Amino acid sequence: MVATLETTRAHLGTRVGLHPEVEALPREPLERLQLQRLQACLCNAWDHVAWHRERLRSAGFTQAQDLRSLADLQRLPLMVKSDLRDHYPFGLFTRPVEQLARLHASSGTTGKPTVVGYTAQDLSTWADLMARSLYAAGARPGDVVHNAYGYGLFTGGLGAHDGATRLGAPVVPMSGGSTERQVTLIMDFGARVLCATPSYALAIAEVAEQQGVDLRKSALRVGLFGAEPWSEAMRLEVEARIGLRAVDIYGLSEIMGPGVACECEARNGLHGWEDHFLFEVIDPDSGAALPDGEAGELVITTLTKQALPMLRYRTRDITRLARAPCACGRTHVRILRVTGRNDDMLIIRGVNVYPSQIEAVLVGRPGIAPHYQLVLERHGALDHVSLEVEALPSVAPADYGRLAADAGHHIKSLVGITAEVHVMAPGTIARSQGKAVRVRDLRPKAQPAP
Ligand code: DLL
């Protein structure tokens, strides 16, 4: 193991990352830094947000300084998304809104949006971490960054933008949409880095093919894809169609935005930037901490966020942590690919399924295009799943039935559910310009408890 690590380091040169002084910091000083920052974060929350103070008091704290070790983190109560909604809009901020530099918000399709705020220092930290992520993915100063993440209240666009600027990379602020124009500008401006959701990257690839443009001949070298779950099969598909190295990037607005974690050149999990966040995995049912390597819900604590400190925030994202040394030389924890969110998990006739598992089976199957949608219905007392997939243009409609049977068979044997597969003509399934909507749940909503 050590030999491999050293060989790889020798190969990469001595520099580990954009911020080598922290990215390769040994565990002991890293944990000392974390404890100092956690104590300061707790004081900030205690001093400025009555809600935090009351909850900490209920958990047995008489003052913020009662937290003496990283292990004491376990004594803090968990936070959930509705805590932000219940204090809409600014109730959990540590400062008056006039002292902030920016606000973002979730779309809030159900109920109130979740509002997050940043001080100028918070925005600077975010730019640093996004620049660090871009660098870890393989972007370098001077690379033209084509940014197709949506600009606006969504954190993807501005987050990637500020990170590219901090890296010293010229950024093209495209946002999502106008896909034909995206293709033209990628080619004309010589973009080397593409930032987009994986589903939108695929939509760009498809439009390029329809325009007769071969993106594999473009200057694109690296893609930073995230904001939605995606599979290894999708990674291979996007790499083959665009001709770049596809890297997974993770983040969420409640914690910061994109750049909370990102893959490095080893692509063996996403490095969670532990000088700014603490990562835990808990059992989603009991809330108990799980050992490294076990799958559960990711819980994140911010260490340096000024405006909106988040203490043990339940992300709903399902993953595992790995702390064995990474070949790249970074010491920060690796968060394995997020397979889906707790709330996206479907329980189909007793089998737990994430849409990304279906994707892993479908994408790359001969004759089938990487566009799909799951439709859930209730037939009597039972859940019924139909799966709409698209045929590749080269497939004759007469073969759709055979393709459907083949896909249904593989889903049954690899995922364990029976799905009614409908193979549809090319272009039938809506393309995403941001986060793809993979599931149409038509089941009757559960009645609220009396
Ligand atoms: O999606 C921030 C972001 C923008 C991340 C661009 C990466 C790239 P939210 O809109 O708050 O923020 O959504 C956060 O998206 O809790 C996950 O469920 C999901 N998600 C984000 N990145 C990944 C990923 C942005 N790489 C929610 N893999 C998170 C799987 C992801 N799911």
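Both ligands and their constituent atoms are indexed starting at 1 by order of listing. The analysis underlying the following values was restricted to heavy atoms, covering all of them including side chains, and did not include hydrogens, waters or symmetry mates. Everything numeric in this text was worked out from a predicted model, so none of it was measured.
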Subject >> Gln433 and Tyr200: side chain donor to acceptor below 3.5 Å >> reply: no
Original post:
What residue among Arg365, Glu359, Arg241 forms side chain to side chain contact (heavy atoms under 4.5 Å, CB included) with Pro370?
Top reply: Arg241
Original post:
Is it true that the side chains of Glu180 and Gln210 contain a donor and an acceptor less than 3.5 Å apart?
Top reply: no
**OP:** For the residue pair Asp248 and Trp230, confirm or rule out a side-chain donor-acceptor distance under 3.5 Å.
**Re:** yes
Give the table of side-chain donor-acceptor pairs shorter than 3.5 Å for residues 219-226, with sequence neighbours excluded, one pair per line with atom names and distance.
from   : atom 1 : to     : atom 2 : distance (Å)
Arg221 : NH2    : Asp143 : OD1    : 3.4
Arg221 : NH2    : Asp143 : OD2    : 2.8

**OP:** Name the orientation class of the two ring planes belonging to Tyr151 and His161 (parallel below 30°, tilted from 30 to 60°, perpendicular beyond 60°).
**Re:** perpendicular
**OP:** List, ordered by chain and residue number, the protein residues whose closest non-hydrogen atom lies under 4.0 Å from any atom of ligand 1.
**Re:** Tyr149, Phe154, Thr155, Gly156, Gly226, Ala227, Glu228, Pro229, Asp248, Ile249, Tyr250, Gly251, Leu252, Ser253, Glu254, Pro258, Asp317, Val338, Arg341, Lys435
